[in-house]
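Input: a single structure, listed below in structure tokens.
Being a predicted model, the structure only gives us computed values, none of them experimental. Whatever order the structure lists them in is the order used to number ligands and atoms, beginning at 1.
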Amino acid sequence: MPLHSSLIAHLAHIFPTGALYTEPADCWAYGYDNSRRHALPEAVVFPTTHEQVVDLVRLCNQHGIALTPRGRGTGTTGATVPLSGGVIVSLERMGRIVEFSPENRYIVVEPGITNQAVQDAVKAHGFFWPPDPTSAAYCTVGGNLAYNSAGPRAVKYGTPRENTLGLRAVTGAGKPLRVGVMTSKGVVGYDLTRLLIGSEGTLAVITEATLKLTPLPETKRTLRAVYASVSDAARAIAKVMAQPVTPCALEFIDGNAVEMIRQYSRCDLPPRANALLMIEVDGLVQGMDAAVDRVSAAARTEGLLELHVAQTEEEVAALWQTRKALSPALRKVAPQKINEDIVVPVSALPALIAGLDQLSARFGLPIVNFGHAGNGNIHVNLLLDPNKPGEKEKAHDCLNRIFALVLTLRGTLSGEHGVGLAKRDYIDRELEPNALQLMRDIKRQFDPNGILNADKLFPLI
Ligand SMILES: Cc1cc2nc3c(=O)[nH]c(=O)nc-3n(C[C@H](O)[C@H](O)[C@H](O)COP(=O)(O)OP(=O)(O)OC[C@H]3O[C@@H](n4cnc5c(N)ncnc54)[C@H](O)[C@@H]3O)c2cc1C
């Protein structure tokens, strides 16, 4: 339904020419994300100030219009897809650095800045911001915060929740809000910063963030460990994580993924390879040999077929090529694969992979697994062909059972991709009714009219 002309006139009052789209052809590209879902918004606005966001949220409340915050739309769960139409607030033009304080190890940024732009700005001063999604060059800090997105480094340095001091935001009711601290410690009041982080744009629009920075390590070493079985690799993961040198990346590739790498790239892997770990260690130059020795010793479990420590930059690149060959290979085989990002306790990884193999055989669907093993966060890829009759339904059924398996193993349904639309109907299997009710109550406190990212996160009643 087209927006009321008085609402358009008010939007045009807040947003100057070029900062408001209402033509369907202009709005179209803002209706999808990387989940490949799409719905057409009725308007798209591009604020450049916090005050414009306050005015916008208040206006949408007055008119009862759905409002969906959007970074760059790289999310994979449909969280920015405007199912109810309404207005998309694209934060991409709020990309300034507000303040950088190397002596206090923080940077204050607007939400539309890309993750990479933050890394580039602080690198020259010897710092980095730990969250490192592979999409860093394109995704925004606002999106990273709203999804609590991370990457390989989370195993040592944590996610946005552990690396953000405070936020400025506008609640769904249109109230401006500052939460958190500018210090590395603080315990005054409830922790609303970490409540907003991971809330997927359902409680408030983030308009500024104070990010906690970490000094860059002096050096890094990369190891590749190849195992005869997933259980052997899982034992090694547990041992590596239980010794004092925490790796800054501990990535896992299962036997099916190893097979795909063999077929689609020229990586040199031992014939009996059935699981592979990529391990990275960072720190001071002095002491790095000892750190690598400690990690190597932990990785040397029964079933180890090969352990290689890269000696040059070229070798590091060659080792990572194994991991990087995977995504293109999967895309070639199944362009419409389903990619889940479940998490289980590290000790449950063998049971998870065994269970996934059984489900793969039962449903006749190839399943390929890899991911951030140090956190037990596995990307489960169902390689379906949606053009085959009944395949989509089969995949859906299989997914249901995968989630049941994960919960039986005391895991969680998402490690970093979030809920959005994709997992909305499953979360009540993980969350207790009282917890879910409390979350709905919190949503109502922040957003009494339910305009912000409507229809997302919660199962429909
Ligand atoms: C090639 C590729 C690789 C990826 N690799 C990773 C990875 O390694 N790890 C990982 O975790 N994810 C990964 N992702 C997923 C995605 O990039 C991340 O989730 C990212 O954080 C999304 O950022 P975005 O700016 O695109 O946000 P969007 O997709 O635009 O939005 C994501 C969510 O944030 C909300 N939102 C955005 N901005 C704000 C704001 N200012 N205030 C309130 N809410 C807001 C939206 O409403 C939505 O709920 C990958 C995606 C791709 C395409």
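Under the ring-ring contact (aromatic ring centres under 6.0 Å, His included) criterion, His396 pairs with no residue, sequence neighbours left out.
Scanning Ala150, Gly151, Ser149 for the heavy atom closest to atom 7 (C) of ligand 1 points to Ala150.
One finds the NZ atom of Lys220 at 4.5 Å from the CD atom of Glu280 (value rounded to the nearest 0.5 Å). Separating the CE atom in Met260 from the CD1 atom in Ile253 is a distance of 12.0 Å, to the nearest 0.5 Å. For the atom pair OG of Ser347 and CG of Leu352, the computed distance is 11.5 Å after rounding to the nearest 0.5 Å.
At the shortest separation from atom 14 (N) of ligand 1 among protein heavy atoms lies Ser135 OG, 3.7 Å. The protein non-hydrogen atom at the shortest distance from atom 25 (O) of ligand 1 is Thr140 OG1, 2.7 Å. If you check which protein heavy atom lies closest to atom 37 (C) of ligand 1, you get Gly71 N, 3.6 Å. Remark: minimum distance from atom 46 (C) of ligand 1 to any protein heavy atom is reached at Pro69 O, 3.2 Å. In terms of protein heavy-atom proximity, atom 29 (O) of ligand 1 is closest to Gly75 N, 2.9 Å. Closest to atom 41 (N) of ligand 1 among all protein heavy atoms lies Ile206 O, 3.0 Å. Here the heavy atom of the protein found nearest to atom 31 (O) of ligand 1 is Thr80 CG2, 3.2 Å. Atom 12 (N) of ligand 1 has as its closest protein heavy atom His417 CD2, 3.8 Å.
In summary, the aromatic rings of Phe252 and His372 are positioned with their centroids too far apart to meet the 6.0 Å limit. Within the 6.0 Å centre-distance limit, the rings of Phe128 and Tyr157 are counted as a close aromatic pair.
For the side chain to side chain contact (heavy atoms under 4.5 Å, CB included) test with Leu383, the passing option among Ile367, Leu330, Ile338, Leu365 is Leu330; the others fail. Partner of Thr159 under the side chain to side chain donor-acceptor pair (under 3.5 Å) criterion, out of Thr164, Asn148, Asn375: Asn148 alone.
For ligand 1, the atoms lying closer than 4.0 Å to a non-hydrogen atom of Leu91 are 41 (N). Shown in contact with Gly73 at under 4.0 Å from a heavy atom are these atoms of ligand 1, numbered in order with element: 26 (O), 28 (P), 29 (O), 30 (O). Taking a cut-off of under 4.0 Å to the non-hydrogen atoms of Ala79, the atoms of ligand 1 that pass are 48 (C), 49 (O). If you number the atoms of ligand 1 from 1 as listed, the ones under 4.0 Å from a heavy atom of Gly201 come out as 43 (C), 44 (N). Shown in contact with Ala204 at under 4.0 Å from a heavy atom are these atoms of ligand 1, numbered in order with element: 43 (C). Close contacts between ligand 1 and Asn453 involve ligand atoms 47 (O), 49 (O) [criterion: under 4.0 Å to a heavy atom].
Under 4.0 Å from ligand 1, the heavy atoms of Pro111 that appear belong solely to its side chain.
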- Task: Show your working on ring pair (Phe, Tyr, Trp, His ring centres under 6.0 Å) between Tyr30 and Phe46 and close with a plain yes or no.
- Result: CA-CA 11 Å; Tyr30 290 85; Phe46 301 89; 5.4 Å; yes

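Geometrically, ligand 1 and Ala146 share no nitrogen or oxygen pair separated by less than 3.5 Å. The N/O atoms of Asn144, backbone and side chain alike, include one that comes under 3.5 Å of an N/O atom in ligand 1. Between Asp33 and ligand 1, no pair of N/O atoms sits closer than 3.5 Å. Annotation: Glu200 places an N or O atom under 3.5 Å from an N or O atom of ligand 1; distance criterion only. Remark: ligand 1 and Cys139 share no N or O pair separated by less than 3.5 Å (distance only, no angle test). In terms of N/O distances under 3.5 Å, ligand 1 is approached by Thr74. Considering both main-chain and side-chain atoms, Thr134 comes within under 3.5 Å of ligand 1 through a nitrogen or oxygen pair.
Residues Asn400 and Arg429 have side chains that bring a donor and an acceptor to within less than 3.5 angstrom of each other.
The presence of a protein heavy atom under 4.0 Å from atom 1 (C) of ligand 1 is ruled out.
A salt bridge links Arg178 with Glu208; the closest basic N to acidic carboxylate O contact falls under 4.0 Å. Electrostatic pairing of Asp120 and Lys123 does not count as a salt bridge here, judged by no charged N lying under 4.0 Å from a carboxylate O. In summary, Lys423 and Glu340 engage in a salt bridge, as defined by a charged side-chain N under 4.0 Å from a carboxylate O.
Remark: distances from the non-hydrogen atoms of Gly418 to ligand 1 are all 4.0 Å or more. Proximity of Thr68 to ligand 1 is not established, as no heavy-atom distance is less than 4.0 Å. Residue Asn34 places a heavy atom under 4.0 Å from ligand 1.
Residue Pro350 comes nearest to Val346 through the heavy atom pair CD-O, 4.3 Å, listed as atom of the first residue, atom of the second, then distance.
No more than 12 heavy-atom neighbours from other residues, nucleotides or ligands sit within 6.0 angstrom of NE2 on His10.
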